[in-house]
Undergrad: 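Structure provided below as structure tokens; questions to follow.
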Protein chains: 2
Amino acid sequence: MKQRPNIHDVADRAGVSIATVSNVINEKGRVSEKTVSKVKMIIEEMGFTPNLSARSLKQMKSSLIGLIVPFQQDDGNLQDNPFYWNLVSGIEAGTRDQKFHVIISGVNENKGEVLDFVKERNIDGLVVVGTYQGSPIMERIKEMQVPCVFIDSYLMEPDLYQVYLDDEQGGYTGTKYLLDKGHTKIAVVGGEAKEDGVTKGRLQGHRIALESRGLTYDERYRIETPGSMEGGYLAAEEIRKLSDVTAVFCFSDVVAFGLMKGLHDLDYKIPEDISIIGFDDLYFSKYVSPPLTTISQDVSMKGRMATQLLIKQIEKMEVVNKKIVLPIDLRERESVIELPSVKLNN
Amino acid sequence: MKQRPNIHDVADRAGVSIATVSNVINEKGRVSEKTVSKVKMIIEEMGFTPNLSARSLKQMKSSLIGLIVPFQQDDGNLQDNPFYWNLVSGIEAGTRDQKFHVIISGVNENKGEVLDFVKERNIDGLVVVGTYQGSPIMERIKEMQVPCVFIDSYLMEPDLYQVYLDDEQGGYTGTKYLLDKGHTKIAVVGGEAKEDGVTKGRLQGHRIALESRGLTYDERYRIETPGSMEGGYLAAEEIRKLSDVTAVFCFSDVVAFGLMKGLHDLDYKIPEDISIIGFDDLYFSKYVSPPLTTISQDVSMKGRMATQLLIKQIEKMEVVNKKIVLPIDLRERESVIELPSVKLNN
DNA sequence: AGTATTTGATTAAACGTTTTACAAATAGCA
DNA sequence: TGCTATTTGTAAAACGTTTAATCAAATACT
């Protein structure tokens with residue numbers, strides 16, 4: 001007794017050739033209704049499932065998509081942000097009921113190494129998150145000519161497939177909200193604005209909102225800090241120096257959490273002494289004290305869209321638009337207070 | 001010009017047979033120093049990398065390990081707990097510098113379906129998270145005879161490979177800490193204690209600690225709730241009913257966060273009115289207000305250990321112990337206050 | 001009736017490895 | 001010098017699919 005029935009066993013039992021069985025499995029070629037049902041019955045009966053390694057070998061593709069996420073610099077771990085788990089969740093969900101599976105691999109953004117597995121395993125496509133124009137990884141990826149979808153990676157080339165947020169809209173909406181609540185001295189805290197297009201876009205929206213009210217963007221109110229809780233915590237000190245600030249727009253919730261903690265430790269009351277708005281709407285955001293008002297995005301959806309887009313690309317289906325821009329949403333909670341001055345205007 | 005050089009191309013160029021090239025690649029004996037270095041040079045020169053699909057087909061193994069994580073019941077997403085991301089990080093790290101890669105798949109714990117890919121793709125082994133004795137998944141896994149390591153799944157069979165925390169020690173340590181701080185009316189909040197061995201173990205430790213002080217465990221002080229923030233939030237109401245409680249031991253940080261929020265909304269001050277201790281030590285835990293005292297575990301390490309254990313099992317290396325129990329650690333922060341009564345005793 | 005077309009199924013050659021069995025060359029030893 | 005043992009290398013057969021090329025039978029068209 002063999003371990004696992006293969007296509008030959010099925011063919012023998014059904015009294016047909018292996019080619020016919022293959023055609024039934026793949027719903028290809030010409031095969032009569034009668035034999036289709038016969039073969040299908042036998043397949044069911046014997047519990048046959050195809051050996052995908054064999055298929056991969058023949059077809060030079062694997063029904064595998066790779067998820068490339070950046071390392072932490074210091075220890076060998078992946079970047080410690082729950083955001084990624086939501087993303088994975090969406091990507092995995094996007095493959096369900098499809099034949100694809102997800103293989104996950106961390107890469108050191110600086111080195112861009114270890115993408116060998118893509119060729120070795122005949123990976124069909126890649127979802128790449130958080131890289132930037134001209135990064136070592138981008139170079140490696142480009143030269144190996146594999147279908148790709150980039151998430152949250154601002155890349156200028158117009159023929160790359162991308163899924164990202166409408167960051168400018170987000171920056172605008174958040175700032176507008178603060179302005180409507182009467183705040184005019186608004187600090188922003190986020191990462192570098194250079195290659196990192198995420199920050200750049202949000203900053204741009206922020207500026208536009210200010211200018212729509214006749215205010216001018218002041219670079220001194222911009223605090224640059226790593227996108228971690230530690231980064232936010234450290235930013236609190238900077239905020240204190242800017243004594244006239246009444247509200248802070250954090251470009252990520254994680255940073256906002258750190259900042260809230262930092263301000264708390266400096267004896268600020270939120271939102272009475274200072275208002276805070278975040279960006280991301282993490283699972284935790286409605287559970288911090290006070291619940292964080294934030295720009296909300298559906299991270300899981302982002303992953304799902306990316307997967308769908310990638311699969312379309314792999315299967316050479318027609319794609320109307322290579323760039324998918326997801327909408328943002330203001331989630332109003334309790335970390336922003338309305339300034340009295342505006343209350344009178346209403 | 002071919003797309004990608006294969007073993008034949010290398011053999012031709014080196015003037016040897018493909019068998020020899022194969023032997024060089026796999027460092028199997030029977031080939032002289034001279035030819036080894038010659039072949040290696042050619043491989044380097046041509047940029048040859050083996051086609052793993054072909055290897056898989058021949059060897060009936062894939063160098064792929066599957067990570068099985070449970071679904072959320074309602075939507076199709078994976079369980080929304082950052083814990084899993086840390087785990088993935090550790091598992092991924094455990095495969096680095098090994099030939100293995102991780103393929104991730106969500107399964108609905110209740111249905112236990114869709115494990116077909118394990119056979120179809122010749123998956124070498126599985127890391128399974130959070131299942132329980134007799135679950136549908138367990139049944140399916142058992143019948144397909146694939147190497148497995150179970151994380152946080154209390155399973156009685158002694159010959160199963162497992163990685164888990166010393167939950168009993170954790171329950172003991174947390175409770176002991178509260179007792180030392182003078183608390184005697186301690187509520188515990190966690191999941192079901194039936195099949196879920198995690199809760200069971202922690203509860204057992206809790207009881208032992210109490211009894212070591214001549215106290216008896218009282219079932220009325222135990223609150224059963226889902227292991228989510230919502231669950232914790234809801235538990236606050238229950239705590240209020242137990243009016244004489246001075247401290248709460250939450251069996252996960254996520255639940256503790258929800259509870260803190262819930263108690264806050266009921267106008268409790270933490271830790272002044274009630275002390276709280278958690279379990280897990282998430283990234284967030286030191287950033288909530290007040291910073292959460294908690295039983296700490298190294299989740300990433302857990303993933304790494306599981307991977308190592310799995311690989312050993314796959315490669316049939318000798319394993320001294322099939323069960324790895326990881327230590328816990330008390331992380332003392334600010335959510336627990338010392339009761340005056342004990343202060344006098346010191 | 002004779003020929004062209006369609007339909008349904010088959011044969012055999014790939015895909016790129018690993019591996020078994022065997023041959024050739026070299027070394028060891030009397 | 002012969003005989004055996006060891007080392008180094010090879011040929012060929014797998015592994016389980018897909019697919020291009022054929023083919024026979026059945027149907028359709030003059």
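Just so it is clear: chains get the letters A, B, ... in the order the sequence lines come, proteins before strands, and each one is counted from 1.
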Undergrad: Residues of residues 30-45 of chain A with any non-hydrogen atom less than 4.0 angstrom from an atom of DNA chain C: list those, numerically ordered, please.
TA: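 Only A:R30, A:V31, A:S32, A:T35 qualify.
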
Undergrad: Are B:N51 and C:dG16 close enough that a side-chain N or O sits under 4.0 Å from OP1 or OP2?
TA: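 The answer is no; no side-chain N or O of B:N51 sits under 4.0 Å from OP1 or OP2.
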
Undergrad: What is the distance, to the nearest angstrom, from the CE atom on A:M46 to the P atom on D:dG16?
TA: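 The distance from CE of A:M46 to P of D:dG16 comes to 13 Å, rounded to the nearest Å.
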
Undergrad: Taking only N/O atoms, report every protein-nucleotides 24-27 of chain C pair under 3.5 Å with atom names and distance.
TA:
none

Undergrad: Quick one: does any side-chain atom of A:S153 pair with a main-chain N or O of A:I151 as donor and acceptor, under 3.5 Å?
TA: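 Present.
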
Undergrad: Which part of the nucleic acid does A:I18 contact within heavy-atom distance under 4.0 Å: base, sugar-phosphate only, or nothing?
TA: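 If one applies the 4.0 Å heavy-atom cut-off, A:I18 turns out to touch a base.
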
Undergrad: For B:H8 and C:dC15, what is the distance between atoms NE2 and P respectively, to the nearest whole Å?
TA: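 It is 9 Å, rounded to the nearest whole Å.
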
Undergrad: Please report, rounded to the nearest Å, how far the C1' atom of C:dG16 is from the CZ atom of B:R4.
TA: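 Rounded to whole Å, this separation is 10 Å.
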
Undergrad: Within the structure, does a side-chain N or O atom of A:T20 lie under 4.0 Å from either OP1 or OP2 of C:dT10?
TA: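 Checking A:T20 against C:dT10: at least one side-chain N or O falls below 4.0 Å of OP1 or OP2.
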
Undergrad: Judged by atom type as modelled, is there a donor-acceptor pair below 3.5 Å linking the side chain of A:Q313 to the main-chain atoms of A:Y161?
TA: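 No: the side chain of A:Q313 does not pair with the backbone of A:Y161.
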
Undergrad: Check the distance between C:dT18's P and B:K99's NZ and give it to me in whole angstrom.
TA: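 That distance rounds to 11 Å.
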
Undergrad: Below the 4.0 Å mark, does D:dT17 have OP1 or OP2 next to a side-chain nitrogen or oxygen of A:S22?
TA: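 No, no such contact exists.
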
Undergrad: Between A:D12 (CG) and D:dG16 (P), how many Å, whole number?
TA: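 To the nearest whole Å, that distance equals 13 Å.
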
Undergrad: Which of parallel (below 30°), tilted (30 to 60°) and perpendicular (above 60°) describes A:Y84 and B:W85?
TA: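 Judged by the thresholds at 30° and 60°, the geometry between A:Y84 and B:W85 is parallel.
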
Undergrad: Where is the tightest heavy-atom contact between B:Y132 and B:M138, given as atom of each residue plus distance?
TA: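 Looking at all heavy atoms of both residues, the closest pair is O-CG, 3.4 Å.
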
Undergrad: Tell me if a side-chain donor or acceptor on A:S56 pairs with a main-chain N or O of A:L52 at a distance below 3.5 Å.
TA: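 Yes: the side chain of A:S56 pairs with the backbone of A:L52.
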
Undergrad: Only one of B:V129, B:T131, B:I68, B:V127 passes side-chain contact (heavy atoms from CB on, under 4.5 Å) with B:F150; say which it is.
TA: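 Single side-chain contact (heavy atoms from CB on, under 4.5 Å) partner of B:F150 among B:V129, B:T131, B:I68, B:V127: B:T131.
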
Undergrad: Listed by chain and number, what are the salt bridge (Lys or Arg N to Asp or Glu O under 4.0 Å) partners of A:R13, not counting sequence neighbours?
TA: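 Only A:E45 meet the salt bridge (Lys or Arg N to Asp or Glu O under 4.0 Å) criterion with A:R13.
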
Undergrad: Measure CG/A:L57 against P/D:dG16 and give the value in whole Å, please.
TA: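 In whole Å, D:dG16 P and A:L57 CG are 12 Å from each other.
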
Undergrad: Can you tell me the distance, in whole Å, between the CD1 atom of A:I25 and the C1' atom of D:dT18?
TA: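 Checked: the CD1 to C1' distance equals 10 Å.
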
Undergrad: I'd like to know if A:K99 pairs up with B:E120 as an ion pair, taking the criterion as any Lys NZ or Arg NE/NH1/NH2 lying under 4.0 Å from an Asp or Glu carboxylate oxygen.
TA: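 No.
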
Undergrad: Does B:Q59 make a side-chain N or O approach to OP1 or OP2 of D:dA14 shorter than 4.0 Å?
TA: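 False: B:Q59 side-chain N/O out of range (4.0 Å or more) of D:dA14 OP1/OP2.
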
Undergrad: For A:R140, is there an ion pair with A:E143 - N to carboxylate O distance below 4.0 angstrom?
TA: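 Yes, this pair counts.
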
Undergrad: Assign each of B:N23 and B:K58 to its nearest nucleotide of DNA chain D by heavy atoms, then name whichever residue's nucleotide is nearer the 5' end.
TA: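 Looking at DNA chain D, the more 5' nearest nucleotide goes with B:N23.
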
Undergrad: Answer yes or no: does a side-chain N or O of A:K28 lie under 4.0 Å from OP1 or OP2 of D:dT19?
TA: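 Answer is yes, contact under 4.0 Å.
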
Undergrad: Using atom CD1 of B:I7 as one end and atom C1' of D:dA13 as the other, report the distance to the nearest whole Å.
TA: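 B:I7 atom CD1 is separated from D:dA13 atom C1' by 15 Å.
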
Undergrad: If you compare every side-chain N and O of B:N26 against the phosphate oxygens of C:dT18 (OP1, OP2), does one of them come in below 4.0 Å?
TA: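 Yes.
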
Undergrad: If the threshold is 4.0 Å, N to carboxylate O, is there a salt bridge linking A:E92 and A:R96?
TA: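 A:R96 and A:E92: salt-bridged.
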
